[in-house]
Amino acid sequence: MAARKRPSPTSISTKPDTWEPKTTRNTPDNAFNLSPPKLGSIFVISTLLCSLHLYLLCFHYTVDAELKRSILINAALSLVGFFVTLKMIPVAARYVLRRNMFGFDINKRGTPQGEVKVPESLGIVVGVVFLIVAIIFQYFNFTEDSNWLVEYNAALASICFMILLGFVDDVLDVPWRVKLVLPSFATLPLLMAYAGHTTIVIPKPLVSYVGLEVLDLGRIYKLYMGLLAVFCTNSINIHAGLNGLEIGQTVVTAAAILIHNVMQIGSSTDPEYHQAHAFSIYLTQPLMATSLALLAFNWYPSSVFVGDTYTVFAGMTMAVVGILGHFSETLLIFFLPQVLNFLLSLPQLAGIVKCPRHRLPRFDPATGLLTGTKDGTLVNVYLRLFGPKSEKSLCIHLLVFQALACAFCFLLRHFLAGWYK
């Protein structure tokens, strides 16, 4: 979602939003009625995404009882966070409307739905509830002398910093060039507190050429961590433009991260390795639960917009769990659609090709279908390849593509195991 102010004609926007800020179509505040959450759809989505993770954790693998207990406590707190988020979103929606933080859905322009005020920046609710759940969880899992406590709090500080910067962007409309740099500052608490290894394992086919099996990158590794955070944060922000797409890609990727972590815990006997992946689970489960609550209101037809607050928060959280869980390579393969979208967008983002304010597909009110434009986004390219589609259908197709990218990552790891590393 974009910021509220319209940029000058010479500025470049990095996100193909589904809304256009207006302040002229005012209606009485008491006329606002938020559509009820689409709990039926969320139940189906959450069942599909969470069932395999829970099966692997509770039945398939033999996980240490204490570790399993911590993961299940975290899951229970995350479930509470889901219901709290569900309750708080309508309250927050009224507050942001009073401050004129709303938009109109461009993909419904020319229809009655396109004239409805949609509250914006509701990602702030998800971010706040996530932080509360993550902080309360420390009481049940970490002790004062825990080796992971410093990095855990540093991770929360980076995520909190990114939530703040995302909300500032929603309110002040920060220029896109500044947005590219903001995640670098948000990762500073994590980078300063990071005490893990700075080595990489050289792929076996390259060992004879490099002469080393393990290479210590030192400070270059921390630079890589910062760049990964910048990419993850902005990649979700620019792969957008449809009701439910921003949150949908987040929960699909989060489900893949959870499955990967449980598989790694179940297949290893190294306690330190277990803790690294459990750390990732402790942050991913609250992210997924609170995101599903917001998706109940953001799924087509959307009754709220998530804003930059959510997209940068979700990207930073997944970057943090990938870094501290030591599976950044796997995370990048999970992000394959976002990588593809970034490569398609690069000519416009670099200013080589003219970049419009909204890089959205064209909506036909007569048919209710979206048609791809020449803009370099995965959304438009998909429509150009496969023809016009409804917004809901297109979003589902793109989320299936996200799931297939995650499945491809698991297959790739399976076939390369023992040969690549």
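Phe415 has its side chain out of reach of Phe410: every pair of non-hydrogen atoms, C-beta onward, lies at least 4.5 Å apart. At a threshold of 4.5 Å between non-hydrogen side-chain atoms, the residues Leu292 and Phe82 count as touching. Side-chain atoms of Leu370 and Asn107, non-hydrogen and from C-beta on, do get closer than 4.5 Å to each other. Side-chain contact between Phe130 and Phe313: present, with at least one pair of heavy atoms (C-beta onward) separated by less than 4.5 Å.
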* Asked: Given the rule in the side chain to side chain donor-acceptor pair (under 3.5 Å) test, do Asn298 and Lys38 qualify, once you have shown the distances and angles that lead to the verdict?
  -> CA-CA 9 Å; Asn298 186 246; Lys38 306 165 188 69; over 6 Å; no
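For Lys222, the NZ atom is densely surrounded, since the number of other residues' heavy atoms within 6.0 Å is greater than 12. Around CZ of Arg69, the count of heavy atoms belonging to other residues, nucleotides or ligands within 6.0 Å does not exceed 12. More than 12 heavy atoms of other shown residues, nucleotides or ligands fall within 6.0 angstrom of atom CD1 in Ile135.
Minimum heavy-atom separation, Val133 to Ser78: CG1-N, 4.2 Å. In this structure, Ala293 and Ile89 approach most closely via the heavy-atom pair O-CD1, 3.9 Å. The two residues Met101 and Ser121 come nearest to each other via the heavy atoms CE-OG, 3.4 Å.
Within the 3.5 Å criterion, the main-chain N or O of Leu190 finds a donor-acceptor partner in the side chain of Ser158. With hydrogens and angles disregarded, no donor-acceptor distance shorter than 3.5 Å links the side chain of Asn234 to the backbone of Asn237.
The side chain to side chain contact (heavy atoms under 4.5 Å, CB included) with Ile265 is formed by just one residue from the set Thr62, Leu56, Ile281, Leu57; it is Ile281.
Geometrically, Lys392 does not engage Tyr300 in a cation-pi contact defined by less than 6.0 Å to the ring centre and at most 45° from the axis.
With rounding to the nearest 0.5 Å, the separation of CD in Gln264 from CD1 in Ile259 is 12.5 Å.
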